[in-house]
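Ligands are counted one by one from 1 in listed order, and the atoms in each one are counted from 1 as well. In this chain, numbering begins with 1 at the start of the sequence shown. Note: hydrogens, waters and symmetry copies are ignored here, and every other heavy atom, side chains too, is used.
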Amino acid sequence: MGEITGLKADLVQIVRLALAEQTEDVRLFAARLVRKYRGTEPELAEQVDLYLRSKPQRAGAPLRKAIAPSQQNEVLPVDDESRLSLLKVFKDPSDREAPLLSADLEESLGQLILERKQASRLASLGLTPTRSAIFVGQPGVGKTLTARWLAAQLGVPLYVLDLTAVMSSLLGRSGSNLRTALDFAKRSPCVLLLDEIDAIAKRRSDDADVGELKRLVTVILQEVDEWPATGLLLAATNHPELIDPALWRRFDLVVDFKLPEPTSIKEAIKRFLGPDFALFGRWMEILVFAFQGHSFSDIEREIQRFRRALALGTASDENLIEEFIKARALSLERQGRIDMAVLLAKQTRLSQHSISEITGVSRDTIRKYTTDGKSAVSQKRRREA
Ligand SMILES: Nc1ncnc2c1ncn2[C@@H]1O[C@H](COP(=O)(O)OP(=O)(O)O)[C@@H](O)[C@H]1O
Ligand SMILES: [Mg+2]
């Protein structure tokens with residue numbers, strides 16, 4: 001094969017640059033071609049020039065500059081069509097308050113942080129730290145919050161990839177948008193969170209464009225495998241059952257976020273009440289009971305509501321609690337309502353009449369359960385079990 005010269009060599013060069021996704025270099029090179037061929041190949045030059053003009057330099061283009069990790073003003077990738085920023089950035093101080101975590105979660109996340117801090121020690125033994133983890137759990141249990149905290153602990157920014165933004169872009173482009181975002185995140189030490197990763201899976205079942213969504217999953221599969229140990233790749237989902245098993249297997253670590261246990265509920269109430277704890281403290285056991293089966297964000301929302309009403313003087317703490325318990329009782333089974341009535345009888349000075357009204361449990365039943373105390377409740381439970 002003879003040496004390729006002239007136009008052919010230029011063609012080869014531009015293919016090379018394009019495949020390396022060096023978009024800026026492609027531009028510069030194309031501009032050079034326009035000048036070079038204006039005399040000999042005017043039509044070719046004009047056509048290339050036209051393309052250059054019709055596709056002005058975009059915000060995401062000078063990414064090449066961002067290769068230096070220390071560079072501060074990195075340009076975040078943006079979807080060309082919608083101009084939505086594909087990545088959200090969080091840079092939190094390392095003393096950011098830790099999320100409330102169960103003991104086993106605290107342990108596995110502690111280990112993850114330790115591995116990062118001792119990365120060179122691991123490396124000397126031929127080991128790499130955990131590179132990827134998937135957070136599973138119902139909404140409002142702290143998956144996103146924990147990702148933020150982890151990044152802050154590691155002293156790196158958190159990038160959150162908004163998969164809805166990726167997919168709201170023209171479907172045909174979402175694969176390349178995803179790659180742009182992932183490539184960006186791979187270039188510097190950071191934590192990247194693919195939040196609500198099931199969004200892709202969900203779309204797969206009700207969208208005509210199955211092929212494109214499959215491609216997205218493939219891109220993610222590859223990335224999880226090849227993620228550099230300098231970064232940490234996280235994914236979060238409320239719907240583990242929708243996640244492709246092939247994807248699932250690729251994560252180094254699965255972190256299961258459960259609904260809070262009574263001890264965590266108590267801590268959460270305390271934290272969210274802040275200075276109003278003094279006032280609400282006496283309702284603690286009742287609140288802990290009422291919040292069972294609810295997420296941290298439910299608890300936070302409710303407590304914030306109490307605090308606002310109190311601050312504006314629109315209700316007393318007693319009113320607020322009564323209203324709240326009443327609403328909660330509606331969703332409880334009979335035994336739950338009885339347990340709540342017993343608790344109210346023991347913990348408050350409410351009359352049996354009010355307790356009956358709040359919980360919908362008859363006064364007779366309340367009397368029956370409270371006179372023989374706790375044992376009646378547990379006996380009944382045992383019988384039912
Ligand atoms: N484990 C937690 N500890 C403290 N606050 C929490 C926790 N989980 C949730 N919250 C509160 O609820 C909000 C929503 O939580 P988030 O992390 O977005 O939930 P998820 O991502 O699991 O749906 C948080 O901003 C925080 O105020
Ligand atoms: Mg979330």
Ser297 neighbourhood, listing ligand 1 atoms whose heavy-atom distance to it stays under 4.0 Å: 12 (O), 13 (C), 14 (C)

Ring centroid separation Phe291 to Phe324 under 6.0 Å: yes

Distance filter under 4.0 Å to Leu100 heavy atoms, resulting ligand 1 atoms: 1 (N), 2 (C), 3 (N), 4 (C)

Lys186, NZ: over 12 other non-hydrogen atoms inside 6.0 angstrom: yes

Enumerated ligand 1 atoms positioned under 4.0 Å from heavy atoms of Glu300: 11 (C), 12 (O), 13 (C), 26 (C), 27 (O)

salt_bridge(Glu302, Arg305) N-O dist < 4.0 Å: yes

Ligand 1 atoms in contact with Phe272 (distance to a heavy atom under 4.0 Å): 5 (N)

Any N or O of Pro99 closer than 3.5 Å to N or O of ligand 1: no

Any Gly137 heavy atom less than 4.0 Å from ligand 1: no

Closest protein heavy atom (residue, atom, distance) for atom 22 (O) of ligand 1: Lys143 NZ, 2.7 Å

Straight-line distance of Trp248 CH2 to Ile243 CD1, nearest 0.5 Å: 7.0 Å

Asn238 N/O under 3.5 Å from ligand 1 N/O: no

For the student: nearest non-hydrogen atoms of Leu232 and Thr130, plus distance: CD1-O, 3.7 Å

Which residue and heavy atom of the protein sit nearest atom 10 (N) of ligand 1, plus the separation: Phe296 CB, 3.6 Å

Nitrogen or oxygen of Leu145 less than 3.5 angstrom from that of ligand 1: yes

Distance-only side-chain donor-acceptor flag, Glu226 / Gln222, under 3.5 Å: no

Nitrogen or oxygen of Thr144 less than 3.5 angstrom from that of ligand 1: yes

Geometric class of the Phe306/Phe280 ring pair [parallel <30°, tilted 30-60°, perpendicular >60°]: parallel

Pro139-ligand 1 polar pair, N/O distance under 3.5 Å: no

